[in-house]
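Structure, as structure tokens:
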2 protein chains.
Amino acid sequence: MTDTDDREQEAKRHAERFQRVREAHQTEVAEDYVELIARLIDETGEARVVDLAVWLGVTNATVNNTVQRLQRDGLVTSKPYRSIFLTEAGRELAESSHQRHILVRDFLLALGVGEETAEADAEGIEHHVSAETLTAFRRHLKATKPKKGN
Amino acid sequence: MTDTDDREQEAKRHAERFQRVREAHQTEVAEDYVELIARLIDETGEARVVDLAVWLGVTNATVNNTVQRLQRDGLVTSKPYRSIFLTEAGRELAESSHQRHILVRDFLLALGVGEETAEADAEGIEHHVSAETLTAFRRHLKATKPKKGN
DNA sequence: ACAAAAAGTTAGCCGTCACTAACTTTATAC
DNA sequence: GTATAAAGTTAGTGACGGCTAACTTTTTGT
Ligand SMILES: [Mn+2]
Ligand SMILES: [Mn+2]
Ligand SMILES: [Mn+2]
Ligand SMILES: [Mn+2]
């Protein structure tokens, strides 16, 4: 009976979607950290543990743990009691994460969502938008934004 | 200097956004489970551990653990070796999660995103959209969908 | 009815990402 | 230049959400 086969296929696709979400969750923290590190370096000259802690709403100890993981994964470098630097890979991830972030935020703004809500929702949504959806966001922005053309 | 104050305010808002994302992650698994349990009960008459495992792409043991947590949190009931039932709270969470899920998916479809991508992205995005953003999605759907009116 | 298969459970493991508390190092103020 | 404050680190804890392996119970097929 091909009825059972269909059902199995559907279950398999369903499971694959959840696996993708789980994968996204694993890279999420790294993306947010390197994006913030890049910003702090850009705006203040350096990224210190205490600043990351304040801006992320976690303790110093948590930041320390995470930074060690990022270092293990080749995204940052840091020497004891010194501030944190991005590796080339870290810079690249920060840049692409940032581009994606502002695209998602701007899309929400274009939809009529308020500033703070757009920023807040973007912080979570950004990690779950595929390239195809980002393209659709860009298309929508191009189609609606041209208010300057008025 | 109010310059410093501004910076502190910005950091605080930033941190609050991340706290919201972390909270969303804590309810995410519960939402997906009850939504799937409701669906399986509806479509097949019962929700069994093995089905949840297949549809979620995890092992039986993982499902068992999670179901115990859901039971602890008052969302499901289940007796040893029997299938799983939703409590009233579980049914309510399943229903609202499902409504939100299809809204997010339909919105992506309306934007021109392909079916499988819409379904996949919705699975992650759904947990990070505020009420305000959902309203904006609905507004956009109403503004564009009326193709039946053609 | 009973053997084999399927389903469910339990135990023990691991990584992530939080926390607090205690400690060390660096920076600041006087 | 030294005491104090701030920042950073380390150690230890815990929940969550995954896993495998071994076991028990239920279902199925003959
Ligand atoms: Mn971001
Ligand atoms: Mn984010
Ligand atoms: Mn989901
Ligand atoms: Mn869902």
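Chain letters run A, B, ... following the sequence lines, proteins first, then strands; residues in each count from 1.
Listed nucleotides: dG8(C), dC19(C), dA11(C). Nearest to the side chain of T62(A): dC19(C). Nearest to the side-chain atoms of R82(A) among the listed nucleotides dT26(D), dT26(C), dC19(C) stands dT26(C). Distances were taken from every side-chain heavy atom of Y81(B) (C-beta onward) to each of dA27(C), dT10(D), dT25(D); the shortest belongs to dT25(D). Closest to the side chain of V58(A), from the set dA18(C), dG8(D), dT10(C), is dA18(C). Across dG8(C), dT10(C), dA21(C), the shortest atom-to-atom separation from the side chain of V50(B) is found for dG8(C). Among the nucleotides dT9(D), dA7(C), dA7(D), the one closest to the side chain of P80(A) is dT9(D).
Between the side chains of Q19(A) and E23(A), no donor-acceptor pair of N or O atoms lies under 3.5 Å. Side chain to side chain, S97(A) and E35(A) fail the donor-acceptor criterion of an N or O pair below 3.5 Å. If you check the side chains of E123(B) and H14(A), you find no donor sitting under 3.5 Å from an acceptor. A donor-acceptor pair shorter than 3.5 Å cannot be found between the side chains of H127(B) and H25(B).
Regarding F18(B), its CZ atom lies at a distance of 14 Å from the P atom of dC19(C), rounded to whole Å. Rounded to an integer number of Å, the gap from D51(B) CG to dA6(C) C1' is 12 Å. Rounded to whole angstrom, the span from the CD atom of E46(A) across to the P atom of dA7(D) amounts to 11 Å. Look at CG on N65(B): it is 10 Å from C1' on dT9(C), rounded to the nearest Å. In this entry the distance linking CD of E23(B) with P of dC16(D) reads 15 Å, nearest Å. Protein atom OH of Y33(B) is 11 Å distant from nucleotide atom C1' of dC16(D), rounded to whole Å. Here the P atom of nucleotide dG18(D) and the CG atom of L52(B) are 12 Å apart, to the nearest Å. When the C1' atom of dC19(D) is taken as reference, atom CD of Q26(A) falls 13 Å away, rounded to whole Å.
Heavy-atom distances to DNA chain D give each of R22(A) and K79(A) a nearest nucleotide, and the one nearer the 5′ end belongs to K79(A). If N60(A) and D73(A) are placed on DNA chain C by their nearest nucleotide, the residue sitting closer to the 5' end is D73(A).
One finds a side-chain N or O of N64(B) lying less than 4.0 angstrom from the OP1 or OP2 phosphate oxygen of dT9(C). Dashed line: the shortest gap from a side-chain N or O of Q68(A) to OP1 or OP2 of dT10(D) is under 4.0 Å. R48(A) has no side-chain polar atom (N or O) that falls below the 4.0 Å cut-off from OP1 or OP2 of dA27(C).
Taken together through direct or relayed side-chain contacts under 4.5 Å among Ile, Leu, Val, Met, Phe, Trp and Tyr, V63(A) and F85(A) form parts of separate hydrophobic clusters.
Residue V63(B) is classed as having no contact, given no heavy-atom separation below 4.0 Å to the nucleic acid.
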